[in-house]
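Below: the structure, in structure tokens.
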Amino acid sequence: MALSKKRVYEVARELGVPTKELIEALAEMGMPGLKAVNTVDEEEAEVIRELFEEHKGKTATAQAQKEAQPAAAAPAKEKKPKPGVPRPPVVAVLGHIDHGKTTLLDTIRKTHVTQEEVGGITQSIGAYQVEVDGRLITFIDTPGHKAFTSMRARGAQVTDIAVLVVAADDGVMAQTLEAIDHIKAAGVPMIVAINKIDKPEANVDRVMQELAQIGYTPEDWGGDTITVPVSALTGQGVQDLLEMILLVAEMEDIRGDPKGELDATVIESHMDPARGPVATVIVKNGTLKERDIVVVGTTWGRIRALYDHQGKRLKEAGPGTPVQILGLEDVPPAGERVELVKKPNQAKALVEERRRAALEQRRVARPLMTFEDLLQAAERKKLAVVLKAESVGALDAARLELGTIEAEGVDLDVLHAGVGPITESDVLLAASVEDAQPLVVGFGVKVDSKARRAADERGIPVRTYDIIYDLTQDIERAMRRLLGPEYVEVKVGEAEVLKTFDIDGVGRVAGCVVRSGKVVRGARVKVLRLGEEVFAGEIGSLKRFARDVREVQAGRECGIRIRDYDDVQVGDVLEIYTLEEVQA
Ligand code: GDP
């Protein structure tokens, strides 16, 4: 990049206006389509400045309004302003192993956390906040997509912006692709930090080319992907990266309302021998205060104290703030939501109820989730698949085959396709989908033990295949079954009502003789009166000589109680059916 060139956001900064506002003003002045990261030369920058001044003159009051309400002013958009005020974005760092995620997080922390209190090394609480040009950014300091997605698997979307680290000497690797899929599934904006540019063998262009090849063309090349060259080791470019994060936050209009409903999630927790259960929570909306009564999953507590990432005691924590809380009864898992309640009794009751439900679930002995269970349980019309294969060739072949499956009314969404065994992170990615039936499949690969455990815990079906045909056939079968199984009624018998008895606490029981076939407990029944169907339901109980029986054959007498029906009459004919599933 030539020295005289600068980015549009830099021009905005010189003018002292939010980039978003500058871009909107320029659009109104007949210069549309400008992006914050576009580069302009000095001449173009001058035109931008002039146009902006002109625009300011036209709408003389705009600036005053903006100062009162910084990000709410969006005259060019019809969208209603979101409630609340801009809050610090929550950022996660992802990428391939050894590409520099940890180093980047360390460098940012070292160079940008203001050391307020002297003495003592502040311990990590799982997140920290930095200040850049007077604005705050919150970083989750557990790098990698496993942490990122394990929270999402519990339904919590903590991250606002993802930073993907790609080493310039290594390029786009397997876990880079994996991370991209995880970010895509989360639907959060991504910034690519092209790292290790201090290395002689670094090749930024090659990384950009690789990104373009997989559909993420850098903005510098006319695409939409934001890239920032950095060196996590020397700190070069890190300031640019931070500014870019703030810029994206501004464009995304990330807000929180301190007075709004609490939206807070646990990102880290442990048992401290001296302080008891400790949890780090990120507040995205509302405010968490000392002495608040909270329910967190199956535990609760009254907040005894709040500490920030530097160990400083806080009275309260508002939107965008990571905070450590003390006072919970138990250690909650990461990804759990924090809910406010008014009274300890309410909290106890809620926790009690949840614990009972959890216990109940465990008691119902759950064998390993089978493919058949999946087909039974499926309620959604979309199948979201994580596909792993032993080699790139096998992966491509499997993908190609999957592409040929047609099942009307059902969508197939490949969340991630990668080479290697099925890992915990694959399962967590599948578990994080909300609008589809998840499924993890492997072609010629194994399932590692952690993945197996995670799948059992979360009820995610995992299956491996050695023959591609079996894989595609199962997926096709699964897709068809998502439409819901088809049933047909098969008549199994007929009975005639000879007498009726009204029994206290039970209802009306029909004394019948079975005329043909058999009567089966739990079967469907149609009540025919003078040849007309007057009721259709289910056989609740079936007795022969006061004994409960499963079925009664033709020629015999029995007592039938029809579930939720007390109008059966002498002379009615009961037609008995079972529902048989039509094989897809
Ligand atoms: P992670 O696995 O992604 O967290 O990677 P690390 O942060 O642990 O870094 C892996 C290795 O790359 C370490 O030896 C780092 O010192 C080195 N490294 C990280 N960033 C840079 C960089 O910008 N330049 C150079 N030269 N080395 C780096």
Side-chain angles (χ1 to χ4, degrees), residues 1 90-113 121 123-128 130 132 137-151 158-159 161-184 186 188 190-208 210-211 214 216 218 225-245 267-268 309 322 334 416 418-421 423-426 428-429 448 450:
M1 208 184 312
V90 180
V91 179
V93 177
L94 293 82
H96 194 73
I97 186 159
D98 279 348
H99 278 198
K101 301 179 290 292
T102 313
T103 311
L104 181 64
L105 281 163
D106 284 351
T107 300
I108 294 171
R109 184 209 295 268
K110 273 193 216 118
T111 52
H112 286 81
V113 170
I121 307 148
Q123 74 177 66
S124 162
I125 65 164
Y128 63 81
V130 295
V132 183
I137 304 174
T138 298
F139 281 93
I140 296 179
D141 71 2
T142 325
H145 50 260
K146 211 191 101 202
F148 178 75
T149 299
S150 69
M151 281 187 252
V158 181
T159 306
I161 297 171
V163 170
L164 177 74
V165 177
V166 185
D169 59 341
D170 204 17
V172 171
M173 302 299 281
Q175 286 166 30
T176 315
L177 297 174
E178 210 170 308
I180 289 178
D181 286 340
H182 283 244
I183 296 167
K184 195 167 72 184
V188 296
M190 173 174 88
I191 298 172
V192 183
I194 303 180
N195 190 30
K196 308 198 184 182
I197 55 167
D198 60 289
K199 282 191 148 187
E201 61 271 39
N203 189 341
V204 174
D205 273 352
R206 202 193 74 199
V207 176
M208 289 193 174
E210 288 171 348
L211 287 170
I214 54 167
Y216 291 87
T225 305
I226 303 170
T227 57
V228 186
V230 299
S231 166
L233 204 64
T234 68
Q236 189 190 345
V238 169
Q239 178 72 20
D240 293 342
L241 175 65
L242 296 173
E243 284 175 14
M244 196 54 84
I245 290 169
I267 60 155
E268 199 265 359
H309 62 117
H416 170 61
V419 174
T423 64
E424 189 182 7
S425 117
D426 296 324
L428 294 177
L429 177 61
D448 79 21
K450 275 191 180 165

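Counting starts at 1 for both ligands and their atoms, in listed order.
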Exercise for the section: Check ring-ring contact (aromatic ring centres under 6.0 Å, His included) between Tyr128 and all other residues, then give those that pass, not counting sequence neighbours. Expected result: Phe139
Handout entry: Contacts of Asp170 that satisfy salt bridge (Lys or Arg N to Asp or Glu O under 4.0 Å) - sequence neighbours left out
Key = none
Practice task
Using salt bridge (Lys or Arg N to Asp or Glu O under 4.0 Å) as the criterion, list what pairs up with Glu243, not counting sequence neighbours.
Solution key: Arg13
Practice task
Return yes if some donor-acceptor pair links the side-chain N/O of Glu201 with the main-chain N/O of Asp169 below 3.5 Å, else return no.
Solution key: no
Practice task
May I ask you to decide if Ala232's main-chain N or O and Thr103's side chain share a donor-acceptor pair within less than 3.5 Å?
Solution key: no
Practice task
Report yes if some heavy atom in the side chain of Asp426 is under 4.5 Å from a heavy atom in the side chain of Thr423; otherwise report no.
Solution key: yes
Handout entry: Atom-level proximity to ligand 1, residues with heavy atom under 4.0 Å
Key = His96, Ile97, Asp98, His99, Gly100, Lys101, Thr102, Thr103, Asn195, Lys196, Asp198, Lys199, Ser231, Ala232, Leu233
